[in-house]
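See below for the structure under consideration.
Small disclaimer: the values here were computed from a predicted structure and weren't measured. All ligand and atom numbering here is 1-based and tracks the order in the structure. Just the heavy atoms: all of them, side chains too, but no hydrogens, waters or symmetry mates, feed the values below.
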Amino acid sequence: MSRFFSDRHRELKAYTPGEQPKLSRLIKLNTNESPFPPAEGVAERVREEAARLNLYSDPESSALREILARKLGLAPENLIMTNGSDEALNFAFMAFCDEGCPAVFPDITYGFYPVFARINRVPFREIPLREDWTVPLPEFRSCGGTVFLANPNAPTGLALGLEEVEEILRAHPDHVVVVDEAYVDFGAESAVSLIDRYENLLVVQTFSKSRSLAGLRLGFAAGNGELIRDLRTMQYSTNPYNVDRLAQAAGIACLEREEENLRRVGVIRENREWTRGKLRDRGFEITDSRANFLFVRHPALRGSALRDQLRQRGILIRWFDQERIRDWSRISIGTREQMEALIEAVDGILKA
Ligand code: PMP
């Protein structure tokens with residue numbers, strides 16, 4: 001820390017991103033990326049758009065929003081495109097939380113939420129998940145703040161049903177409920193269909209996971225037009241050209257190939273269930289993950305030991321240095337070959 005660093009940030013503990021290794025031989029199951037390249041045609045469209053990089057991008061991503069709105073059964077006014085969904089979440093913390101309206105989220109969830117709260121200087125409250133990692137709905141019903149719920153949750157993978165999301169929405173008519181659907185396409189129900197009924201609902205999604213575009217940084221928030229205008233104010237107050245030309249062009253090309261994305265999601269789901277079975281046979285406890293990762297623990301292996309020993313065998317997974325989940329690890333789902341290599345490595349570790 002330099003002597004110039006503002007006192008305001010001295011206590012800030014920044015988010016720790018998963019490792020992005022320089023060695024390409026490693027099998028990367030640590031940051032929930034897609035193992036597949038972007039849909040066909042995306043790279044070509046990016047190359048074409050590169051010729052226009054002398055010009056700023058459309059700050060409203062109009063063409064992309066139009067296509068996405070049609071796909072989701074919404075109007076373009078219900079959407080704002082962002083630089084990854086992290087930016088949409090940050091805008092929501094900026095726009096909808098303050099001293100009188102704390103952010104409220106589970107104790108075990110996406111680790112960026114407390115960081116967003118701190119950098120924006122808003123109070124936050126963490127509600128403990130139950131022992132089985134389910135969300136204690138009654139406590140969220142009366143929490144008196146802006147609710148942030150990842151659905152499916154990370155790193156547990158558990159999903160809430162739409163009736164449960166609605167229960168929280170109905171209990172908070174005067175607060176925004178942000179449903180972070182980064183992993184929804186892998187097996188949960190999206191709350192997008194509820195947007196016209198709940199003016200307090202904001203749904204956040206990403207192109208990083210099911211659409212194979214993590215490196216591009218493209219996400220969006222969907223909600224009623226007034227909420228979206230509030231987020232637009234945050235965008236125009238921080239980075240008006242938040243989604244660059246390449247991202248807008250790639251996003252459009254990607255949506256035109258939605259069947260290809262869906263097919264790959266199907267493969268990842270199959271690989272998840274295959275891996276679940278193999279790990280269960282080897283004594284792992286595994287949550288009912290609806291996402292593109294599994295949350296696992298083994299009675300004979302600490303979470304950090306599994307992480308370290310897999311790394312020695314060339315496989316990266318994610319472990320969180322956090323009280324309640326120290327015994328657990330999160331394993332992203334890759335190709336079948338990658339998952340076979342994982343199981344082989346696990347066998348080697350368990351035999352050693
Ligand atoms: N929400 C959750 C729950 C996540 O796990 C992630 C990925 N780290 C994000 C949002 C952000 O993803 P992105 O910024 O790539 O859209």
Name the closest protein heavy atom to [atom], giving the residue it belongs to and the distance to 0.1 Å.
{"atom": "atom 7 (C) of ligand 1", "answer": "K209 NZ, 3.3 Å"}
{"atom": "atom 11 (C) of ligand 1", "answer": "D86 OD1, 3.1 Å"}
{"atom": "atom 12 (O) of ligand 1", "answer": "S85 OG, 3.4 Å"}
{"atom": "atom 1 (N) of ligand 1", "answer": "D180 OD2, 2.7 Å"}

> Of all the heavy atoms in G219, does at least one lie under 4.0 Å from an atom in ligand 1?
Replying inline: no
>> Is R217 close enough to touch ligand 1? Criterion: a residue heavy atom under 4.0 Å from a ligand atom.
In response: yes
> Got an N/O contact under 3.5 Å between Y113 and ligand 1?
Replying inline: no
> Do any nitrogen or oxygen atoms of Y15 lie less than 3.5 angstrom from nitrogen or oxygen atoms of ligand 1?
Replying inline: no
Could you list which atoms of ligand 1 come closer than 4.0 Å to a heavy atom of [X]?
{"X": "S208", "answer": "13 (P), 15 (O), 16 (O)"}
{"X": "A182", "answer": "1 (N), 2 (C), 10 (C)"}
{"X": "G84", "answer": "14 (O), 16 (O)"}

> Between E259 and R263, is a salt bridge (Lys or Arg N to Asp or Glu O under 4.0 Å) present by the stated rule, with each step listed?
Replying inline: CA-CA 6 Å; E259 324 77 59; R263 199 170 41 74; over 6 Å; no
> Only one of S212, S210, S208 clears side-chain hydrogen bond (donor to acceptor under 3.5 Å, both in side chains) with S34; which?
Replying inline: S212
>> Taking side-chain hydrogen bond (donor to acceptor under 3.5 Å, both in side chains) as the criterion, tell me which of N32, N292, T206 meets it with Y183.
In response: N32
Donor-acceptor under 3.5 Å ([X] side chain, [Y] main chain):
{"X": "R257", "Y": "A253", "answer": "no"}
{"X": "R211", "Y": "E258", "answer": "no"}
{"X": "N153", "Y": "T156", "answer": "no"}

> Any idea which of Y183, Y110, F207 brings a heavy atom closest to atom 5 (O) of ligand 1?
Replying inline: Y183
>> On a heavy-atom basis, which atom in R272 and which in F293 lie closest, and how many Å separate them?
In response: CD-O, 4.4 Å
> Taking it one step at a time, do H9 and I119 satisfy side-chain contact (heavy atoms from CB on, under 4.5 Å)?
Replying inline: CA-CA 7 Å; H9 300 311; I119 191 81; 3.8 Å; yes
